[in-house]
Amino acid sequence: ATAAAAAAVKRPRSGGSSITVGAGLGPGDDVMTAVAGKESEIKKKLAAFASFNQTERDLLQTAFARVGQEHGGIPGLATRSEFTNVFDRLGVRLSPVEVTAMFGKYGEDRTGRMPVDLFVTAVLESNNRIIAMEERRVGAYKAGKRDDYAFNGRIKYFPCRKGVYAPTVWDPALAARSAKPPRAGLSLDFVYGYGGLTNTANNLFYNSADHVCYYTAAVAVVFDRHNHRQHFFHGHDDDIKCMALHPNMHWAATGQVTSTSGHPFACVWDTRVRPDGSVRGRLAQLPFPGAVSVIALAFSSDGDRLTVVTGDVDHTVHVFDWAKADAALNAGGPVGGQSGLGPAAADSIPHEVGTSPGLITIGKGGKGDSFPHVLGAVWNPFGKCSDGGLDSGVKHEWASGPSSSLTAPSTSSCGGSSTPSKAG
């Protein structure tokens, strides 16, 4: 009976027989809490009636025997009505819901009768004795063995010196879920630091929404300084080295170094932030096979052209109609498409005037000691003049017409068909 009592008082399992709240309990009350209160009350009553010659166990067993005899019941078993009558005689009133809960907790046979000795032993034993008598298993639950998950007694496993127990409202389905690897992942919340200490390229701008745009490592940051919140552009897979802002102050261009997955490239993207906190994202992507990095960027005054300086041995300067170039490189897709080029596709794109779509002109920004290397670019804001650049006090100028290639040094000229720029 003692072992059976220990098994009977195991914690209620989630998914077992449900108990409906009825008369005697408010809709917000917990049935099992009410049952525990009644058990505590019956123990106090029995302790008050007990004497040296008659223990609490004797009193409770005698009460069940008398009520069973009066109702013509089976000795050693109690129906719900007999159970309720015993508690009434001892001065503890039970509602039908509480009686049903006790029968569900301590067990009943097929005829709906509770074993009296089991209940008496279980309700009068101390919690420590009951825990010590509970069934136990050695070793944790094993993945795939769903029948074991319903066990909620004492579990002993290394390195725990004492047994552990399942939670009070243990649900076996939780073990099945725990057997599967979690869906781990990280989301970027805030970027600390600023990559401007050793970076001499332009790298800090205000956009049209008065947000600060800059970059650190491979992340372009749009910082809302009024709400102290950052928004991110994740279009790069390695360190960003330069940045430029479009004249409309909505769009930005960023260029990166060569990554393990492909060539360096420049991205044109929209810095404006959606209501959900994400930036609007990429508008164009231009790869540069053969270069090690993109080191400088500059938009023309109308925003249609983009100057890109790459970090190859010649510091090559490219001038693109960037929207046209992106549309061609992405199989004629519209500007704003999210498709990018893989390394194999980028290898097949020659950066040559007349053959590379959208490339207006291209030229060397330096070779050996012939003249200083170009490390930056800026467009002339004073109308249509030839391009000019400045590096270490030496000026380099070239025309950037549709059929021109960059030469340096040369004489500056005005009246060309293109918006002017200079690189230095």
Side-chain angles (χ1 to χ4, degrees), residues 1-135 152-153 168-170:
T2 302
V9 297
K10 288 192 296 181
R11 299 166 181 79
R13 299 170 185 169
S14 176
S17 58
S18 60
I19 301 172
T20 305
V21 176
L25 286 176
D29 294 337
D30 181 15
V31 175
M32 299 312 297
T33 301
V35 167
K38 297 297 183 180
E39 292 172 350
S40 178
E41 189 176 349
I42 196 69
K43 290 179 183 179
K44 293 178 180 179
K45 296 287 185 180
L46 290 170
F49 296 145
S51 64
F52 179 78
N53 296 319
Q54 197 172 30
T55 64
E56 292 96 327
R57 182 185 299 272
D58 294 335
L59 284 172
L60 193 54
Q61 287 179 330
T62 300
F64 272 107
R66 288 179 180 175
V67 171
Q69 188 176 13
E70 293 174 3
H71 286 74
I74 301 174
L77 298 174
T79 63
R80 281 172 167 76
S81 61
E82 294 169 354
F83 189 88
T84 304
N85 197 297
V86 169
F87 269 68
D88 284 343
R89 293 190 180 191
L90 293 172
V92 179
R93 298 187 62 83
L94 293 176
S95 70
V97 174
E98 293 167 339
V99 173
T100 301
M102 285 196 173
F103 271 65
K105 178 178 179 179
Y106 295 105
E108 58 186 314
D109 62 11
R110 295 180 179 178
T111 64
R113 291 178 170 86
M114 178 191 293
V116 173
D117 286 343
L118 185 149
F119 171 75
V120 172
T121 302
V123 79
L124 293 179
E125 284 289 359
S126 66
N127 290 334
N128 290 337
R129 285 287 303 275
I130 292 174
I131 290 175
M133 293 185 295
E134 282 187 354
E135 60 179 320
N152 61 355
T168 303
V169 290
W170 173 243

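Along the sequence shown, residues carry numbers from 1. None of these values were measured; they are calculated from a predicted model.
A distance of 7.0 Å separates CD in E70 from CG in N85, rounded to the nearest 0.5 Å. Once rounded to the nearest 0.5 Å, the distance linking CE of M102 with CE of M32 reads 8.5 Å. One finds the CD atom of Q61 at 12.0 Å from the CD atom of E56 (value rounded to the nearest 0.5 Å). Remark: F87 CZ to K45 NZ distance equals 12.0 Å, nearest 0.5 Å. Here CG of L90 is found 5.5 Å from CG of L46. Values are rounded to the nearest 0.5 Å. The CG atom of D117 lies 10.0 Å from the CZ atom of F64; values are rounded to the nearest 0.5 Å.
Remark: side-chain polar atoms of Q54 are not paired, donor with acceptor, to backbone N or O of S51 under 3.5 angstrom. Without hydrogens or angle criteria, K38 side chain to V99 main chain gives no donor-acceptor distance under 3.5 Å. With hydrogens and angles disregarded, a donor-acceptor distance shorter than 3.5 Å links the side chain of T100 to the backbone of P96.
One side chain, R113 or T111, offers a donor N or O that lies under 3.5 Å from an acceptor on the other.
Nearest heavy atom pair, residue G107 against residue P115, reads O-CD, 4.0 Å. Annotation for V35 and A101: closest pair CG2-CB, 3.5 Å, computed over non-hydrogen atoms.
Between T55 and L124, the closest side-chain pair of non-hydrogen atoms is not below 4.5 Å.
Within a 6.0 Å sphere centred on CZ of R93, heavy atoms belonging to other residues, nucleotides or ligands number 12 at most. Atom CD of Q69 is surrounded by 12 or fewer heavy atoms from other residues, nucleotides or ligands within 6.0 Å.
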Kindly list each side-chain donor-acceptor pair under 3.5 angstrom involving residues 72-84, sequence neighbours excluded, with atom names and distances?
from	atom 1	to	atom 2	distance (Å)
T79	OG1	S81	OG	3.2
T79	OG1	E82	N	3.3
R80	NH1	E108	OE1	3.1
R80	NH2	E108	OE2	3.4
E82	OE1	T79	N	3.1
T84	OG1	R80	O	2.8

